[in-house]
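Right, one structure below, let's go through it.
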Amino acid sequence: MSIDFKGRVAIVTGAGGGLGRQHALALAARGAKVVVNDLGGAVDGQGGSLTAAQQVVEEIRAAGGEAIANGASVTDFAAVQAMVQQAVDAWGRVDILVNNAGILRDKSFAKMELADFQLVVDVHLMGAVNCTKAVWALMNEQKYGRIVMTTSSSGLYGNFGQSNYGAAKLALVGLMQTLSLEGAKNNIHVNCLAPTAATRMTEGLMPAEVLAALKPEAVVPAMLVLAHESAPTRTILCAGAGTFEAAHITLTQGLHLGLAPDTPEQLAAQLAQVTDRNGEQVPQSGAAQGTNEVTKAMAARG
Ligand SMILES: NC(=O)c1ccc[n+]([C@@H]2O[C@H](COP(=O)([O-])OP(=O)(O)OC[C@H]3O[C@@H](n4cnc5c(N)ncnc54)[C@H](O)[C@@H]3O)[C@@H](O)[C@H]2O)c1
């Protein structure tokens with residue numbers, strides 16, 4: 001099966017550089033018409049210019065593709081709505097949204113100002129919420145949509161100095177979990193991508209030889225699979241250096257202990273059994289937890 005996007009319209013946020021630029025180039029090379037969005041600011045979110053997005057548009061056009069530039073900040077819902085309208089005016093629909101725009105304001109939690117926490121949440125979480133909200137009705141009417149949220153290993157597993165970023169990135173997994181359920185009946189698939197790549201965001205964080213292996217291009221196949229008609233839904237795909245993995249949020253079998261005066265002591269004593277991963281499941285919705293709990297409680301009643 002070829003991963004083809006002919007006739008599809010895509011919006012890629014933060015596509016003026018780094019991973020977003022590669023995403024936009026690859027989607028266009030495979031036939032999609034692409035809105036190249038980028039605020040054009042610094043890695044900490046300061047400043048802005050349309051030049052970066054415009055350059056990517058020129059690259060796409062030079063290669064024979066179709067693209068338009070957009071300089072909206074994903075934090076500005078009115079500007080994001082205008083961006084979606086720009087795509088609809090030009091090409092009549094929006095099939096794919098790649099929520100990729102992002103910034104960093106790293107500091108240990110002890111030293112972090114709340115303003116730096118808030119801004120990172122605003123760009124990553126609310127930015128993706130704004131863009132998704134702006135295409136949601138359209139995708140429901142079209143009965144077609146593919147949305148990729150860019151999460152991070154920092155959100156999934158933690159990273160020193162990135163409490164703001166990690167919290168915002170894992171929130172996107174939560175957003176995906178529910179939107180994939182709500183979008184299913186209208187063929188809207190929502191997935192997460194956890195990339196590792198050498199970009200300005202990771203400059204100085206890793207040794208030069210490691211960064212050389214982590215070409216942003218090597219993440220792109222995962223995005224293409226998640227943005228394609230054949231995409232799964234509710235998948236967290238990890239990608240870096242040409243290696244692809246999946247992350248799962250699981251639920252252990254657990255243990256029914258009931259409600260007795262010494263249940264806290266019993267739970268403490270048997271915590272290893274509660275957290276034991278043998279027989280764990282990947283729940284299809286949050287209801288699975290309650291079902292497991294009540295089923296075990298009923299079984300214990302006999
Ligand atoms: N590079 C990695 O290893 C890595 C790892 C995990 C997650 N990510 C995520 O991948 C995405 C791309 O990051 P990157 O590494 O290519 O970094 P990058 O800094 O090169 O790209 C981010 C882009 O987003 C744009 N942007 C920032 N704020 C914006 C806003 N408010 N509105 C519109 N555009 C805005 C920036 O101008 C920039 O071009 C980010 O969401 C990042 O958190 C990257």
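Both counts, for ligands and for their atoms, begin at 1 and track the order of listing.
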key: Charged N-O contact under 4.0 Å between Glu229 and Arg8   =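 Yes, charged N to carboxylate O under 4.0 Å.
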
request  = Could you tell me whether the side chains of Glu66 and Trp91 share a donor-acceptor contact shorter than 3.5 Å?
outcome  = yes

query = Looking just at side-chain N and O atoms, do Gln253 and Lys296 make a donor-acceptor pair shorter than 3.5 Å?
reply =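 Yes, side-chain donor-acceptor contact under 3.5 Å.
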
note = Lining ligand 1 at under 4.0 Å, by non-hydrogen atom distance, are residues Gly14, Gly17, Gly18, Leu19, Asn37, Asp38, Leu39, Gly40, Gly41, Ala72, Ser73, Val74, Asn100, Ala101, Gly102, Ile103, Val123, His124, Thr150, Thr151, Ser152, Tyr165, Lys169, Pro195, Thr196, Ala197, Thr199, Arg200, Met201, Thr202

message = With rounding to the nearest 0.5 angstrom, report the CD to OG1 distance, Gln281 to Thr250.
response =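 So the gap between those two atoms works out to 9.0 Å.
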
key: Least distance between heavy atoms, Gly240 atom then Val219 atom   = CA-CG2, 4.4 Å

task = Count the heavy atoms of every other residue, nucleotide or ligand shown that sit under 6.0 Å from CD of Glu113, and state whether that count exceeds 12.
result =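 No.
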
